[in-house]
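Worksheet: one structure, shown below.
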Amino acid sequence: MNISNDISPSTALSHPSEDVLTVDYQHWVNLADSSNREQYFESWLAIICGSIPSALYASVLVNQHDDLSVAAIYPETSDGLSAELRSLCDDALSERRALVAEPDKGESTTSTNTTIVAYPLTLDEGVAVVVAMEVSVSDDESLTGVLHQLQLGSAWLELLFRREESVADDSLVDQALGTLGLLTRVSEHKDAQDAATELVTSLATALNCERVILGTRKGNIVKVVAISNSGQFGRKMNLIRLCEQAMLESIDQQVGLRMPNETQNVGQVVLRHQALLDAFKSSSVMTVPFNHDKKWAGAILLERNSEPPFSAEEFDLVETTVSVAGGLIVDKQRADRSLFKLLKDRFLKFSRNTLRIAYPIRTLVILGFIAVVLFGSLVEGQFSVKGNANLEGLIERSVVAPFDGYIEVSKKRVGDLVSADELLGQMDASQFQLELIELSSKKAQSQSQIRESQASGDRAEVNVLQTQVAQVDAQIALLNKQLERAALTAPYDGYIVRGDLSRELGAAVSRGDVLFVIAPLKKYRVVMQISEKEIAFVEEGKSAELILSAFPSEVISFSVNKITPVATAAEGLNSFRVEAEITDETQQLRPGMRGVVRIDGGKKKWIWIWTREFVDWVRVTFWRWMP
């Protein structure tokens with residue numbers, strides 16, 4: 001087969017043959033009516049072939065998804081499209097231009113001057129039909145005339161497709177306006193039940209349905225929300241369950257179902273729909289599911305008792321309407337929820353979004369938090385009252401200045417371990433020594449006078465002088481005592497907890513000034529500062545544990561023996577002084593050491609221990625703001 005591309009329908013013009021006027025008038029009438037496409041193609045082909053006397057065979061092939069199918073043949077008694085002409089039509093479809101060729105002589109059953117033509121009609125950047133023709137021409141001019149006639153006649157085919165598009169557009173516009181009006185009426189209702197009733201009633205009226213049922217999905221079941229003609233349906237309330245099962249059948253398969261439906265997919269399950277048809281004795285039933293918020297939220301079921309059954313166009317109309325109206329009704333249902341149900345749904349949604357495998361870390365955190373809450377709510381733990389503590393000596397003795405004077409010697413200072421009667425320091429006693437010398441001289445003089453008076457026998461003078469000597473002896477005894485007290489000694493074994501005279505040598509001190517404070521060994525008092533928020537949990541006799549900063553690895557146990565009922569303010573908090581006595585056998589403790597104490601508060605739930613302070617704060621704050 002030799003294909004030629006040199007001939008174009010625009011290369012020459014020829015006038016249509018007058019034979020076109022002799023074609024049956026009925027064909028022209030058929031061209032005015034585009035409702036029957038097959039009849040239109042046959043009439044058009046008859047007119048075209050009547051205007052081309054050399055036409056031996058012609059056919060119209062309609063393009064459907066790049067697949068040509070024969071729509072009309074001329075003459076009707078012909079054997080059909082030859083393989084050679086069909087191949088040429090496929091080439092014209094792919095190349096989107098007119099092609100002519102000479103058939104093989106061995107295969108041609110007509111004149112030896114036979115030429116085959118494939119002429120495509122391009123519409124909106126796509127090939128709508130391909131006209132195949134076998135003509136008997138003797139020269140290129142005649143072939144050009146044939147192509148010119150096909151070019152002129154293609155306007156009628158384009159007119160057909162434009163009419164169909166116009167009808168489809170009008171139908172779509174009417175459908176869109178109707179859908180928009182219905183959606184407007186549905187959205188005007190604030191109550192979800194009223195909106196659902198409006199939807200099913202309008203669809204029942206528009207599609208001539210016996211009843212229309214709307215159901216929404218709740219987990220793995222479907223609940224009926226609204227029913228058109230509910231008064232008639234009331235006599236068949238036992239069939240509601242069948243309707244719900246039919247809607248669930250459609251939702252589970254995520255596809256709309258129509259019965260009867262000749263194009264029903266083999267893989268679709270329609271058992272519930274068949275049971276519904278048998279129960280209602282209906283002629284047809286259709287279910288359309290709708291998707292909302294990325295999940296299948298419900299479905300609408302339509303039942304019709306009269307002919308005809310639901311068409312594909314009606315299915316598309318319902319699907320378009322319900323895809324929007326269903327979401328509106330679901331949103332209205334959510335808006336009508338009670339506060340408790342709203343919080344419940346929010347929690348479930350949060351749980352579903354959180355506990356997804358796509359977020360393993362977040363899922364583990366949430367599960368861990370839930371486990372901790374459950375553990376704290378069921379298991380009891382040891383509650384302890386905590387506070388700061390410091391060590392003091394059980395008793396403390398002060399070494400004070402015995403008289404007004406000056407510091408002469410300092411032997412010990414803070415932190416030193418001292419023994420009983422050990423010298424700590426020395427006061428300057430030079431003035432007492434001078435006084436002692438003076439009194440000793442005065443005594444000697446008085447004693448000499450006594451001897452003289454005794455020798456002279458003056459007893460009165462002797463008595464006076466003896467009294468003076470006694471007075472001097474008393475003063476000397478006092479001075480000796482003062483000299484003894486000038487030496488500052490430790491009252492007992494212990495530690496110096498306060499006092500350092502090494503930097504005050506020669507300084508003047510007054511009688512009664514505290515120079516040293518000494519605490520005994522092994523006997524200590526633990527002084528604890530417990531917050532007023534926790535003092536209610538502390539009782540005398542409660543066991544406690546102490547960890548000192550100096551010995552963090554050792555725990556010292558003791559019992560509370562005194563609670564001071566007077567609060568002191570420190571660091572912005574009110575605290576109560578709690579005391580306890582301990583005995584250190586290891587001699588490691590020192591007065592002034594600080595640490596942390598825990599007092600036994602009894603067995604409590606862990607959740608109470610963890611949240612007690614926050615709950616107490618909420619209670620106080622709430623009570624404060626209450627009217």
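At least one donor-acceptor pair under 3.5 Å links the side chain of Q193 to the backbone N or O of V225. The backbone N or O of F315 lies less than 3.5 Å from no partner atom in the side chain of R258, so there is not a single donor-acceptor pair. Of the possible polar contacts, none joining the R272 side chain to the L248 backbone as a donor-acceptor pair under 3.5 Å is found. Counting only distance, with no hydrogens or angles, the side chain of T320 and the backbone of D316 share a donor-acceptor pair below 3.5 Å. A side-chain donor-acceptor contact under 3.5 Å links S94 to the backbone of D91. Within the 3.5 Å criterion, the main-chain N or O of L271 finds a donor-acceptor partner in the side chain of E249. No donor-acceptor pair closer than 3.5 Å links the side chain of T611 to the backbone N or O of F614.
I227 and V200 make their closest contact through C-CG2, 4.0 Å (heavy atoms, listed as atom of the first residue, atom of the second, distance). Of all non-hydrogen atoms in P260 and S283, the two that sit nearest each other are CD-O, 3.3 Å.
Residues T197 and D194 bring no donor and acceptor atom of their side chains to less than 3.5 Å of each other.
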Could you give me the CA-CA distance, side-chain angles and deciding distance for L257 and V255, then say whether side chain to side chain contact (heavy atoms under 4.5 Å, CB included) is met? CA-CA 6 Å; L257 300 175; V255 66; 4.1 Å; yes

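Legend: residues meeting side chain to side chain contact (heavy atoms under 4.5 Å, CB included) with A192, ordered by chain and number and at least two apart, are K332, Q333, D336. For the ring pair (Phe, Tyr, Trp, His ring centres under 6.0 Å) test, residues two or more places apart in sequence or in another chain that qualify with W610 are W606. With sequence neighbours left out, the side chain to side chain contact (heavy atoms under 4.5 Å, CB included) criterion links R624 to V620.
The 12-atom threshold is not exceeded at CG of N220, counting heavy atoms of other residues, nucleotides or ligands nearer than 6.0 Å. Other residues, nucleotides and ligands contribute only 12 or fewer heavy atoms inside 6.0 Å of the CD atom of E613.
The shortest distance between side-chain heavy atoms of L214 and L203 does not fall below 4.5 Å.
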